[in-house]
Amino acid sequence: MRHFVIVGVLVIIVFLATYFGLTALKLMPVEASAQSIVVDWMWNLDFVVMCFLFALIIVPLVYGLIVFRRKKGDTSDGEYIEGNTKLEITWTVIPLITVLVFAYLGAYSLGETMAVDPNALEISVTARQWSWQFDYPEGFTSNELHLPVNRQVVLNMTSLDVIHAFWVPQFRIRQDILPGRVTNYRITPILIGNYTVMCSQLCGTSHSYMTAPVIVTSQADYDAWVQSQVTAAQAAAAAGGPANGKLLVSKYGCLGCHSTDGSKLVGPTWQGLYQSQVKLSDGRTVTADQAYLVESIVSPSAKVVNGFPDNVMPKTFGTVLTQSQINDIVSYIETLK
Ligand code: CUA
């Protein structure tokens, strides 16, 4: 009996120390969505049970190892125990009830996080190796996700190539994005701030670079941003040239692999590229003139830059983009001195 009391007290101490010790580390990011509160509530309940089970298993194990260690010179057999019906019923019924309660709470929480608001803002998300594209209901495209605070948004997401996943840690909810299918992601941002969406499905060489800004603002700031984007898109399309090229490289995800500030990503930077001498993987050196830039967009494998992998850039831009769009992009790259 003495052993039971000691172990019981130790279980409670280890349980409390584990739970409060780990909770004090504050490993979770802030709760930035209405859904994150439900998820964290559920997670916390799970965590209490996990910490208790940890203590319940580890403490008797370690206690038994130390206190009931075989005495020196004792070679007798251990005690033969036939079974204990009461104990077996207890350790079957209690976990059964616990699991059923958690099944109910889990289903309830899942329903809460998926609750539909008929006035939700709809934004289309296109994922590709390795960039994000957001298409807004007003008809413009951005590689930043701007969201008004306290309004539910539903993201209709699809992929152009492999499986990706939309994950903003502060929103908690995560959703896979599949080619040839549209998956939905509902979220209600509740905290103004700047976050980052990351791809959480290993999707190739630059998976870890597949991020985009998520900016939660007031409704007024959101409206102003939308208006500025609409105006900019109209003006750029009308004018053509470098301004339109800049919008296009953002829209088509080029900036996921090519920097404009000299930093090395998956592909060569565009800064200072125009008219520079480029060393190719086959040992030749060519001048990055207009024809070279056009060719590198349309047939990226024709001249592979030394030190960069082949067959990474999509070979579809020759058909996806019109000739005048390609010219606008090239004219934009030419401005990056
Ligand atoms: Cu897309 Cu990882």
Side-chain angles (χ1 to χ4, degrees), residues 27-30 32-33 35-36 39 113-114 121-136 140-147 153-187 189 193-216 247-261 263-270 296-297 300-301 304-305 307-321 329:
L27 295 173
M28 289 292 233
V30 293
S33 72
Q35 290 75 8
S36 67
V39 171
T113 60
M114 298 195 344
L121 171 67
E122 289 200 38
I123 296 174
S124 297
V125 178
T126 308
R128 65 158 79 82
Q129 290 169 317
W130 289 276
S131 64
W132 298 93
Q133 178 186 321
F134 305 103
D135 287 279
Y136 291 78
F140 67 89
T141 294
S142 173
N143 57 355
E144 291 182 354
L145 181 60
H146 285 243
L147 300 172
V153 57
V154 51
L155 304 180
N156 300 316
M157 312 192 291
T158 194
S159 165
L160 295 182
D161 35 53
V162 299
I163 302 177
H164 302 275
F166 186 98
W167 184 48
V168 178
Q170 292 85 351
F171 291 169
R172 300 292 191 273
I173 314 277
R174 179 188 166 286
Q175 174 63 51
D176 273 5
I177 306 174
L178 299 105
R181 206 200 286 184
V182 176
T183 48
N184 296 317
Y185 179 97
R186 276 181 194 278
I187 208 76
N194 294 340
Y195 310 100
T196 302
V197 53
M198 16 198 140
C199 177
S200 63
Q201 196 68 263
L202 186 60
C203 58
T205 317
S206 294
H207 156 71
S208 59
Y209 290 104
M210 191 171 161
T211 60
V214 176
I215 296 145
V216 177
L247 278 184
L248 289 169
V249 298
S250 167
K251 173 168 178 173
Y252 287 98
C254 312
L255 302 176
C257 297
H258 299 279
S259 77
T260 58
D261 61 1
S263 53
K264 187 183 172 180
L265 300 179
V266 184
T269 183
W270 291 340
S296 296
I297 293 170
S301 288
V304 177
V305 181
F308 290 92
D310 189 12
N311 292 320
V312 171
M313 176 156 156
K315 296 182 169 54
T316 50
F317 287 120
T319 48
V320 171
L321 301 165
I329 290 172

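In listed order, ligands and their atoms are each counted from 1.
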- Kindly confirm whether atom 2 (Cu) of ligand 1 is within less than 2.8 Å of some N/O/S atom in His164? no
- Message: Give me the atom names and distance for the closest heavy-atom approach of Val162 to Pro179.
- Response: O-CD, 3.8 Å
- Taking atom 1 (Cu) of ligand 1 as the vertex, how big is the angle to SG in Cys199 and SD in Met210, rounded to 10°? 110°
- Of all the atoms in His207, is at least one N, O or S atom closer to atom 1 (Cu) of ligand 1 than 2.8 Å? no
- Message: Treating Ser159 as the side-chain partner and His164 as the backbone partner, does any N or O pair qualify as donor plus acceptor under 3.5 Å?
- Response: no
- Query: Hey, mind stepping through Thr141 and Asp135 against side chain to side chain donor-acceptor pair (under 3.5 Å) and telling me if it holds?
  - Reply: CA-CA 5 Å; Thr141 294; Asp135 287 279; 2.5 Å; yes
- Taking all non-hydrogen atoms of both residues into account, name the closest pair between Thr113 and Val39 and its distance. CG2-CG2, 4.0 Å
- Query: Can you tell me if an N/O/S atom from Gln201 lies under 2.8 Å from atom 1 (Cu) of ligand 1?
  - Reply: no
